[in-house]
Amino acid sequence: MIKLQNISKVYRTDTIETTALNDINLEIKAGEFVAIVGPSGCGKTTLLNLIGLIDSPDSGDLYFLDKNVSKINEQLKTALRKKNIGFIFQSFNLIDELTVYENVELPFFYQNFSVKERKQKVLELLDRLEISHRKNHFPQQLSGGQQQRVAVARAVATNPKLILADEPTGNLDSQNGEEVMQILQDLHKEGTAIVMVTHSPAHAKMAEREIHLFDGKIIKSDLNGKI
């Protein structure tokens, strides 16, 4: 599904140059659950942004669904993201002015679903994520765990082939964190590929494979015995 060949990414300012990723080679298969781990500043989020077509590499080749996407234009990247990738963030990234229902409904506006279809799918998702009783509430009226459930519902709304999760349990207590991890595992069992950045060793062990980054390089790749 995803292949990175000799990928490097450098950020530059007037006075400093920072190598975020250095000669990365990595392949992620369809339906695989991969955890990316490493200390702060090692390049985890940069790697996730490249895989999610939010950013572009400075050198090397990035393949997504057998297509070299290293240098495609922003319009094509956006189309690929909307059709194939869902995002889950540590800070939830919900729109405060929209209700739970409206936040989950948002992705369907870009997929030309009818009003009837949108309503059916949104209600199904809210029921599946056990948040339907909060559908008319606004994000600030929810707990952190509830907000992340809404964020997950929005991320999976259009049945993406790939979920990218950046510290999805980072702002949650242990119980809510475990519940979100169980949701991710359930999605994985249904065939969705998941790439998750995490600082939690316990949550990393719930993935099939751990990719260890340090100073922008992959230093280790471990299987967790869940093939």
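Below, each value reflects all heavy atoms present in this structure, side chains not excepted, and no hydrogens, waters or symmetry copies.
- One distance of note links CG of Leu50 with CG of Asp58; it measures 9.0 Å at 0.5 Å rounding.
- Annotation: side chain of Phe87 is not in contact with side chain of Leu48 (no heavy-atom distance under 4.5 Å).
- No donor-acceptor pair closer than 3.5 Å links the side chain of Ser221 to the backbone N or O of Ile211.
- A donor-acceptor contact shorter than 3.5 Å links the side chain of Asn224 to the backbone of Ala204.
- Glu210 places no side-chain N or O within 3.5 Å of a backbone atom of Asp222 that could act as its donor or acceptor partner.
- Between atom CZ of residue Arg134 and atom CD of residue Gln147 there is a gap of 11.0 Å, rounded to the nearest 0.5 Å.
- Asp96 approaches Gln140 most closely through the heavy-atom pair O-OE1, 3.6 Å.
- There is a path of hydrophobic side-chain contacts, each under 4.5 Å, that joins Leu187 to Met181.
- Side chain of Asn49 to backbone of Ile54: no donor-acceptor contact under 3.5 angstrom is found.
- Residues passing the side chain to side chain donor-acceptor pair (under 3.5 Å) test with Thr169 are His203, sequence neighbours excluded.
- Remark: side-chain polar atoms of Asp61 are not paired, donor with acceptor, to backbone N or O of Gln5 under 3.5 angstrom.
- Counting heavy atoms from C-beta on, the side chains of Leu213 and Ile24 come closer than 4.5 Å.
- The shortest heavy-atom contact between Leu125 and Ala153 is CD1-O, 3.7 Å.
- Minimum interatomic distance between Gly86 and Pro160 (heavy atoms only, all atoms of both residues): N-CB, 3.6 Å.
- A donor-acceptor contact shorter than 3.5 Å links the side chain of Asn171 to the backbone of Gln90.
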**OP:** Kindly indicate, with the supporting measurements, whether the criterion side-chain contact (heavy atoms from CB on, under 4.5 Å) is fulfilled by Ile218 and Asn25.
**Re:** CA-CA 8 Å; Ile218 294 176; Asn25 289 280; over 6 Å; no

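- Counted by atom type alone, Glu124 and Gln120 present one or more donor-acceptor pairs between their side chains at under 3.5 Å.
- Taking NE2 of His212 as the reference point, atom SG of Cys42 lies at 11.0 Å (rounded to 0.5 Å).
- Checking side-chain atoms of Lys44 against main-chain N and O of Gly38 turns up a donor-acceptor pair under 3.5 Å.
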Original post:
Could you walk me through whether Ile51 and Ile28 pass the side-chain contact (heavy atoms from CB on, under 4.5 Å) check?
Top reply: CA-CA 10 Å; Ile51 293 171; Ile28 297 167; 4.0 Å; yes

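- Taking 4.5 Å as the limit, some side-chain heavy atom of Tyr101 sits within range of a side-chain heavy atom of Leu126.
- Val34 is connected to Phe64 through a chain of hydrophobic side-chain contacts under 4.5 Å among Ile, Leu, Val, Met, Phe, Trp and Tyr, so both are in one cluster.
- With salt bridges taken as basic N to acidic carboxylate O contacts below 4.0 Å, none links Glu105 and Lys119.
- Between the Asn6 side chain and the Asp23 main chain, no donor and acceptor come within less than 3.5 Å of each other.
- For Thr78, the side-chain contact (heavy atoms from CB on, under 4.5 Å) partners are Glu74, Arg81, Lys82, not counting sequence neighbours.
- Salt bridge annotation for Arg149-Glu179: present, with a cationic side-chain nitrogen under 4.0 angstrom from a carboxylate oxygen.
- We find the OG-CD1 distance between Ser56 and Ile72 to be 8.0 Å, quoted to the nearest 0.5 Å.
- Side-chain contact between Leu65 and Lys67 is absent, with no heavy atoms from C-beta onward closer than 4.5 Å.
- When side chains are defined from C-beta on, Leu94 counts as touching Arg154, because their heavy atoms get closer than 4.5 Å.
- When side chains are defined from C-beta on, Leu162 counts as touching Ile2, because their heavy atoms get closer than 4.5 Å.
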Original post:
Step by step, would you call Tyr11 with Asp55 a side-chain contact (heavy atoms from CB on, under 4.5 Å)?
Top reply: CA-CA 11 Å; Tyr11 293 105; Asp55 206 348; 3.0 Å; yes

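- Here the CG atom belonging to Leu26 is positioned 7.0 Å from the CD1 atom belonging to Ile36, to the nearest 0.5 angstrom.
- Under the 4.5 Å side-chain heavy-atom criterion for Ile, Leu, Val, Met, Phe, Trp and Tyr, Ile163 and Phe108 are members of the same hydrophobic cluster.
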**OP:** Tell me, with the steps shown, if Leu80 and Ile85 meet side-chain contact (heavy atoms from CB on, under 4.5 Å).
**Re:** CA-CA 8 Å; Leu80 282 171; Ile85 305 175; 6.0 Å; no

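- The shortest heavy-atom contact between Ile95 and Pro139 is O-CG, 3.6 Å.
- In this structure, Leu98 CG and Phe138 CZ are separated by 8.0 Å, a value rounded to the nearest 0.5 Å.
- Side chain of His188 to main chain of Gly31: a donor-acceptor pair is present (N/O by atom type, distance under 3.5 Å, no hydrogens or angles).
- With hydrogens and angles disregarded, a donor-acceptor distance shorter than 3.5 Å links the side chain of Gln148 to the backbone of Phe89.
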